[in-house]
Peer 1: 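Dropping the structure in here first, questions after.
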Amino acid sequence: MRVVMVGTGYVGLVSGTCLSEVGHNVACVDLNEEKIKLLKDGTSPIYEPGLENLIRRNMEHDRLTFTTRISEVLGNADVAFIAVGTPEGEDGSADVRYVEAVAESIGKLVERNLMVVVKSTVPVGTCDLVEETIQKQLAQRQSNVKVTVASNPEFLKEGDAIGDFMKPDRIIVGLNDPEGQAVFRDLYGPFVLDDQGKLLFMDRRSSELTKYGANSMLATRISFMNELSLLCERLGADIDKVRQGIGTDPRIGKKFLYAGPGYGGSCFPKDVAALLKTGEKNAVELEVLNAVTRANVAQKNRAADKIIAHFKDLNGKRIAVWGLAFKPGTDDVREAPAKTIIQKLLDQGAYVVAHDPQGQGNFAREFGDHERLVYADSSYEALRGADAMVLVTEWSEYRRPNWDKAADMMAGKVVFDLRNQYQSQELHDRGYHYECMGRPDSKLLS
Ligand SMILES: NC(=O)c1ccc[n+]([C@@H]2O[C@H](COP(=O)([O-])OP(=O)(O)OC[C@H]3O[C@@H](n4cnc5c(N)ncnc54)[C@H](O)[C@@H]3O)[C@@H](O)[C@H]2O)c1
């Protein structure tokens with residue numbers, strides 16, 4: 001099939017590339033000229049494991065192209081995806097203006113029957129808006145082209161996005177007219193060869209809400225476990241044992257039960273906020289989600305408060321921070337817990353030396369300059385002269401540090417492990433002060 005993918009970010013670029021990998025002909029469109037220039041040279045503007053090789057291979061086979069102009073590629077398309085950003089607006093609701101702008105361009109330019117697929121995460125009713133926007137343009141130019149609008153939210157995880165797209169757990173498609181199903185069987189057939197039942201068709205509104213429901217459920221699990229970890233600290237219980245005990249119940253399952261410094265990223269915070277707003281607009285109070293948000297804000301602060309409580313006075317202290325991206329495997333730092341933590345440390349007068357294998361550039365751009373914040377070339381370099389190390393993101397290269405080497409480089413032997421990656425005994429044996437999240441050796445916060 002001939003596919004146009006509008007929006008070449010974390011979702012659009014991975015989706016477009018994977019669709020080309022199974023043989024579709026994909027043209028990716030983005031307004032950002034710098035991104036398109038890099039992509040035309042075969043360079044990925046984002047870090048996602050395996051993506052650059054896949055892009056190059058499909059470009060070489062002439063199945064994947066890049067442009068800044070939708071007008072150059074829409075004429076031939078069977079399917080046009082909208083995968084642009086839907087950031088959090090001022091009042092918490094999702095800002096769909098970029099989606100609307102793409103719909104307007106499609107309405108102005110489309111010359112043959114087309115399936116328009118909204119892949120961005122959008123509030124319920126946005127597909128209706130997209131349809132109206134396109135129909136308005138078609139009516140203005142008295143065109144009788146048939147445009148169908150479908151919802152197809154994306155569930156990939158940054159850091160493992162290619163695996164998720166190539167081997168999906170399910171693909172949700174929202175269509176108001178079942179006639180459109182054939183297009184999706186053709187488009188996604190190669191991804192569900194093992195089980196065609198993974199292609200779940202439903203109405204558009206249910207599909208739009210499914211995405212928010214899924215992300216909000218996952219955020220709820222994280223906030224719940226973080227609160228339980230605080231209780232563990234107070235009671236002398238171990239959150240890792242409790243997690244194993246809970247997660248082995250098949251009704252609950254093992255995933256998304258890890259205590260940490262709070263959830264971040266480009267999706268959970270904004271999607272929870274947007275669903276809360278949807279509830280408010282429809283006079284449904286989503287009390288659970290309100291609590292989930294409050295618990296998450298508290299958790300990010302609590303992580304920093306552990307460090308502040310230990311030193312009492314952070315003025316002039318040098319703190320090494322390992323991990324800036326909101327999770328390992330990505331350079332995405334949007335809403336990353338590291339931002340809250342580093343800001344609080346700086347506010348208390350600390351010097352911060354930060355390291356991240358992929359996220360330093362984005363972090364520096366988004367966080368901005370600060371006279372007491374610097375970046376290190378390597379994780380060990382960040383430790384030089386540090387009074388403490390804080391593990392914020394559990395990149396694999398941080399999982400097994402050489403503690404003797406670290407001790408030689410650090411001024412103080414203090415470790416805050418916000419991801420419960422290290423063994424307390426090992427650190428205690430080497431004379432470190434060690435704190436983690438919700439395990440028995442976590443220092444009680446009064
Ligand atoms: N990042 C994730 O892990 C993830 C996962 C699932 C769903 N989503 C959802 O997918 C959507 C996209 O997210 P993302 O992380 O890929 O965003 P992103 O910010 O990485 O990329 C969006 C891209 O759209 C481009 N764009 C904006 N307006 C445009 C226009 N009119 N024409 C062409 N290009 C335009 C921007 O330049 C940008 O490159 C969001 O709704 C998000 O909530 C994201």
Side-chain angles (χ1 to χ4, degrees), residues 4-18 27-39 44-48 51 66-74 80-89 93-109 116-123 126-127 130 133 151-165 168-169 171-172 207-208 210-216 218-219 263-275 325-336 362 365-366:
V4 167
M5 182 66 65
V6 188
T8 310
Y10 288 87
V11 165
L13 184 55
V14 171
S15 306
T17 306
C18 290
C28 290
V29 183
D30 203 290
L31 292 179
N32 186 323
E33 291 184 5
E34 212 176 310
K35 262 188 193 180
I36 295 299
K37 189 170 177 297
L38 283 170
L39 285 162
S44 173
I46 57 166
Y47 175 73
E48 181 60 44
L51 182 59
F66 298 96
T67 178
T68 52
R69 287 167 201 232
I70 188 173
S71 57
E72 282 176 3
V73 289
L74 195 70
F81 279 91
I82 304 179
V84 296
T86 46
E88 189 172 331
S93 59
D95 182 349
V96 297
R97 82 176 85 156
Y98 305 110
V99 173
E100 247 186 298
V102 179
E104 202 172 305
S105 312
I106 292 174
K108 282 183 179 155
L109 295 165
V116 173
V117 187
V118 180
K119 190 163 257 318
S120 302
T121 303
V122 292
T126 306
C127 284
V130 166
T133 308
S151 157
N152 172 221
E154 183 49 54
F155 294 92
L156 61 75
K157 301 183 292 296
E158 288 175 25
D160 205 5
I162 292 169
D164 288 341
F165 199 95
D169 296 319
I171 297 170
I172 306 284
S207 168
E208 288 170 326
T210 296
K211 176 65 192 176
Y212 284 105
N215 274 359
S216 297
L218 294 171
Y263 60 77
S266 62
C267 292
F268 287 5
K270 88 168 167 61
D271 292 350
V272 169
L275 190 54
F326 82 95
K327 62 189 271 195
T330 182
D331 58 353
D332 196 344
V333 301
R334 291 178 279 186
E335 300 286 324
N362 282 343
R365 264 189 298 282
E366 287 192 21

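None of the values given here were measured: they were computed from a predicted structure. Just follow the structure's listing: the first ligand is 1, and inside any ligand the first atom is 1. Count residues from 1 along the sequence.
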Peer 1: At under 4.0 Å between heavy atoms, is it the side chain or the backbone of Ser120 that contacts ligand 1, or both, or neither?
Peer 2: both
Peer 1: Where on Arg334 is there a heavy atom closer than 4.0 Å to ligand 1, on the side chain, on the backbone, on both, or on neither?
Peer 2: side chain
Peer 1: If hydrogens are left out, which of Thr121, Asp271, Leu13 has an atom nearest to atom 9 (C) of ligand 1, that is, the closest non-hydrogen atom?
Peer 2: Thr121
Peer 1: Once you restrict to heavy atoms under 4.0 Å, what part of Val102 touches ligand 1? Side chain, backbone, both or neither.
Peer 2: side chain
Peer 1: Check this for me - ligand 1, Asp30, N or O atoms closer than 3.5 angstrom, yes or no?
Peer 2: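 Between Asp30 and ligand 1 (N or O atoms, distance only) the closest approach is under 3.5 Å.
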Peer 1: Output yes when the distance from some N or O of ligand 1 to some N or O of Thr86 is under 3.5 Å, and no in every other case.
Peer 2: yes
Peer 1: Between Lys211 and ligand 1, does any nitrogen or oxygen pair lie at a separation below 3.5 Å?
Peer 2: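 Among all N and O atoms of Lys211, none is under 3.5 Å from an N or O of ligand 1.
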Peer 1: Any N or O on Glu154 sitting closer than 3.5 Å to an N or O of ligand 1?
Peer 2: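 In this structure, Glu154 places no N or O atom under 3.5 Å from an N or O of ligand 1.
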Peer 1: Check each atom of ligand 1 against the heavy atoms of Lys270 and keep those under 4.0 Å away; list them by number with element.
Peer 2: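 Taking each heavy atom of Lys270 in turn, ligand 1 has 42 (C), 43 (O) under 4.0 Å.
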Peer 1: Among Asp332, Asp164, Val84, Ile82, which residue places a heavy atom closest to atom 35 (C) of ligand 1?
Peer 2: Val84
Peer 1: Just distances here: any N/O of Val6 and N/O of ligand 1 closer than 3.5 Å?
Peer 2: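 No, there is no polar N/O contact under 3.5 Å.
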Peer 1: Among the heavy atoms of Lys157, does any lie under 4.0 Å from an atom of ligand 1?
Peer 2: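 Distance cut 4.0 Å: Lys157 fails for ligand 1.
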